[in-house]
A.B. asks: 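Questions regarding the structure given below will be posed in turn.
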Number of protein chains: 2
Amino acid sequence: MNQTSSKRRATVHDVARTAGVSLATVDRVLNSRAGVRAATAEKVEAAIALIGFQRDLSASLLARARDLRLTFIIPDGTNEFMTSLAEAVARRAEQALTDRMHIQTLRIAALNPDALAQGLDRLDAQSCDCAIIVAGEEPSVLAAVDSATRRGVAVMTLVSDLPGSLRRCFIGIDNVAAGRTAASLLGRFLPMGGKIAIVAGSLHLRDHSDRLEGFRACLGAEFAGLELIGPVEGHDERPQTERIVAELLGEHPDLAGLYNLGAGNAGLVGALESSGRAGNIRVIAHELTGPTRRGLQSGAIDVVLDQNPDGEIREAIAAARNLAINANAHVVTSPSEIGIFLRDNLR
Amino acid sequence: MNQTSSKRRATVHDVARTAGVSLATVDRVLNSRAGVRAATAEKVEAAIALIGFQRDLSASLLARARDLRLTFIIPDGTNEFMTSLAEAVARRAEQALTDRMHIQTLRIAALNPDALAQGLDRLDAQSCDCAIIVAGEEPSVLAAVDSATRRGVAVMTLVSDLPGSLRRCFIGIDNVAAGRTAASLLGRFLPMGGKIAIVAGSLHLRDHSDRLEGFRACLGAEFAGLELIGPVEGHDERPQTERIVAELLGEHPDLAGLYNLGAGNAGLVGALESSGRAGNIRVIAHELTGPTRRGLQSGAIDVVLDQNPDGEIREAIAAARNLAINANAHVVTSPSEIGIFLRDNLR
DNA sequence: TTTATCATGAGGTACGTGCCTCATGACCTT
DNA sequence: AAGGTCATGAGGCACGTACCTCATGATAAA
């Protein structure tokens, strides 16, 4: 049974006493100011490690009379998932004020790596402690991430990762697992076999290709009785997706299942409903947004795999606070949970 | 586009100036100390509302040189879900120290309302700001919750709610929705119909009866081709559950699906595996624990519906902080997300 | 040796809030 | 009118950290 331990939390005073130096020196080390010999700095570091000192972030922010400043950079445009991400940020921003955090959102033209890079370039350590970005893997973006990191602006990736960069951590789901999950559900939904079509946004997007990989692997290994059609690309846009889904439906009157691993779900639902076959085909899509929600309600979509924007934003904010406490800590973030929604557990 | 607003956050000084009173008076109102006329207090309240003052929790805790103290009361025993809840609390407790929160866990004999009530009775406002409890609906518990609330210890319910009490909020999933979700999945898994058995822990537990209600409603409305057997009760214990599942399997050689809405999943998996029919029956269970995880891996269980202990604990802590900022605020908490796990998206 | 440079210590103020003491003046009671 | 009660104001100290100035002593450069 955990009893209330009355052990006092270690403070800078304790560090000073343990290291045998003055408060001023501890302060210089903690805030990496000049004027400390390497040997002295090491004594201080050792004392910190010994007594397990952890900077009190709140007191620190209070003393500086400033907030922790986070900047979210989220693609602008018609993608409903990005909109809901931005909304989740906004919701969280209010409460965060209470914890001395100032959260700013930048919407930047989707699929425009240079615009994103410029946005990152404009951030400086004086006005932003941490940037959280949703970005594709492009050279100019990678360069901007590394440059921002070196300027003292920590960068975290959201939804889609940038493994080769200096980003401090990634917040998002395991998209390979998401693809496997879709396959595993569809496989169970169709115990007698049949044709399954795959629709993607663009296979140049890492999350999309990861989902495809997982989907194929699981289907091949566990549900050999299913025949795969596609993938065909709808570029995450409503009209294109509607057109290609309509074509698929026309070409395959016996289509049994459909997996849309990208966006453009308004088009997907539109095509299904005007074909008159909504409800007769098992359909799995991604991201709980207006169109997918309506699809679930009407029965056109069976299952939606989701990223839970609110959870990811919370996670991102928590990670940013940890970074602020210990700038060179290795931040560990486990992939967030994949949300699975049916009509019956809509939130 | 949100630009960085340089508006300063309102402080007690601003409240004093706006209300035309002194700092001391504002302080007396804020901390409900005596010696303020009703009319004056109202002026202060009005000023607070006008300028949107929010107490800075961190500074407040700092000034009092103390932590926010939370006590989790979680049933002790063999129930693996409760263990994982307690583990989630422990994980969170470390990080919480950074935010000046001290988290204590009390494990109390499961299904023992009087022990729980005594535990609550022992908490006083001097040593505990908020209690978060997992409790069944019993008169002695309800009384203890109300008494604790009146003593100044806020109480929140976790997993299972106590609607009639003075508890400040409930953190948990919508169990009726969980039941509906199970039915909806099983229905899609068995498009050709068949027999489905229901196993419960005890229908006197509110969460169990809620799940049953949702399951039946959805099945009746959408999947009329399925025949329902049970519910039979296994009292959340391994041996009893194993026995009754073995009996069910024996009596129904054509069983197509099984829904265990309670615990005791080690017994469920054991019975399925020793019958040799694991994998041939679609099985849905609750709570991602050791046994259900193994069941998913081996294929004995198809889907696990989960409460996500970590998420619920985080939610509870956030709600407790809000309560601390504004003791008489109406805390709104939406039901947490129902986690749905297959072998393919295990975390 | 003298001077410059540097590492370090001592101590102050500030941040927003809680909590304390003491003084002042208004009102009520008799 | 004298004494009492009560609401309120003024101000200080504390919490843990940041950041500043100034003094002191050590070491290196001239």
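Below, chain A is the first sequence line, B the second, and so on; all start at residue 1. These numbers come from the heavy atoms of this one structure, side chains and all, not from hydrogens, waters or symmetry mates.
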A.B. asks: Between Val12(B) and Asp27(B), is any pair of side-chain heavy atoms under 4.5 Å apart?
C.D. replies: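 The answer is no, as the side chains (C-beta and beyond) never meet within the 4.5 Å cut-off.
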A.B. asks: Answer with yes or no whether the side chains of Arg55(A) and Asn31(A) bring together a donor and an acceptor at under 3.5 Å.
C.D. replies: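 Present: a donor and an acceptor within the cut-off.
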A.B. asks: Arg17(B) has an atom CZ; how far is it from atom P of dA10(D), in whole Å?
C.D. replies: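 Atom-to-atom, Arg17(B) to dA10(D), this comes out as 13 Å.
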A.B. asks: Whole angstroms only, please: what is the CG-C1' distance between Leu23(B) and dG16(C)?
C.D. replies: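 After rounding, the gap between these two atoms is 10 Å.
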A.B. asks: Output the rounded distance in Å from CG (Leu62(A)) to P (dG16(D)).
C.D. replies: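 Roughly 12 Å, once rounded to whole Å.
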A.B. asks: Mind calculating the distance between CZ (Arg66(A)) and P (dA14(C)) to the nearest angstrom?
C.D. replies: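 Taking CZ of Arg66(A) and P of dA14(C), I get 20 Å after rounding.
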A.B. asks: Over how many whole Å does the gap from Leu61(A) atom CG to dT17(C) atom P extend?
C.D. replies: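 Going from Leu61(A) (CG) to dT17(C) (P), I get 14 Å.
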A.B. asks: Find out whether Asn308(A) and Glu337(A) are in side-chain contact, i.e. whether some heavy atom of one side chain is under 4.5 Å from a heavy atom of the other.
C.D. replies: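 They are not in contact (no side-chain heavy atoms under 4.5 Å apart), so the answer is no.
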A.B. asks: Expressed as a whole number of angstroms, how long is the span from Lys43(A):NZ to dA7(C):P?
C.D. replies: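 That distance rounds to 14 Å.
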A.B. asks: Within this structure, what is the CG-to-P distance between Leu57(A) and dT17(D), rounded to whole angstrom?
C.D. replies: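 Rounding to the nearest Å, CG of Leu57(A) and P of dT17(D) are 11 Å apart.
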A.B. asks: Any side-chain N or O of Ser60(A) less than 4.0 Å from the OP1 or OP2 oxygen of dA18(D)?
C.D. replies: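 So the side chain of Ser60(A) is within the cut-off, an N or O lying under 4.0 Å from OP1 or OP2 of dA18(D).
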A.B. asks: Whether the Ser127(A) and Asp124(A) side chains hold a donor-acceptor pair (N or O, under 3.5 Å, no angle test) is what I'd like checked.
C.D. replies: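 Side chains of Ser127(A) and Asp124(A): pair found under 3.5 Å.
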A.B. asks: Quick one: is Arg64(A) getting a side-chain N or O under 4.0 Å of the dC15(C) phosphate, OP1 or OP2?
C.D. replies: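 It does not, given that no N or O in the side chain of Arg64(A) lies less than 4.0 Å from OP1 or OP2 of dC15(C).
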A.B. asks: With nearest nucleotide decided by heavy atoms, which residue, Asp27(B) or Ala59(B), maps closer to the 5′ end of DNA chain C?
C.D. replies: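 Nearest nucleotide further toward 5': that of Ala59(B).
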A.B. asks: Return the nearest nucleotide to the side chain of Arg28(B); candidates are dG18(C), dG9(D), dA7(C).
C.D. replies: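 In terms of side-chain proximity for Arg28(B), the closest of dG18(C), dG9(D), dA7(C) is dG9(D).
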A.B. asks: Can you tell me if Arg33(B) touches the phosphate of dC19(C), counting only side-chain N or O atoms and a distance under 4.0 Å to OP1 or OP2?
C.D. replies: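 Answer is yes, contact under 4.0 Å.
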A.B. asks: Tell me: CG of Asp56(A) to P of dC15(D), nearest whole Å?
C.D. replies: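 From Asp56(A) CG to dC15(D) P: 13 Å.
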A.B. asks: Side chain of Val12(B): nearest nucleotide among dA10(D), dT17(C), dG9(C)?
C.D. replies: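 Selected nucleotide: dT17(C).
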A.B. asks: Among dT17(C), dG16(C), dA10(D), which nucleotide has an atom closest to any side-chain atom of Ala24(B)?
C.D. replies: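 Closest of the options to the side chain of Ala24(B): dA10(D).
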A.B. asks: Assess whether salt bridge (Lys or Arg N to Asp or Glu O under 4.0 Å) is satisfied between Asp99(A) and Arg321(B), documenting all intermediate values.
C.D. replies: CA-CA 10 Å; Asp99(A) 290 329; Arg321(B) 279 183 77 94; 3.0 Å; yes
A.B. asks: Does dG9(D) have its OP1 or OP2 closer than 4.0 Å to a side-chain nitrogen or oxygen of Thr25(B)?
C.D. replies: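 Indeed, a polar side-chain atom of Thr25(B) lies that close.
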A.B. asks: Relative to the 5' end of DNA chain D, which residue comes earlier, Gly35(B) or Asn31(A), by the nucleotide with the nearest heavy atom?
C.D. replies: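 The residue mapped nearer the 5' terminus is Gly35(B).
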A.B. asks: Between dG18(C) and Arg55(B), is there an OP1 or OP2 to side-chain N/O distance shorter than 4.0 Å?
C.D. replies: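 So the side chain of Arg55(B) is within the cut-off, an N or O lying under 4.0 Å from OP1 or OP2 of dG18(C).
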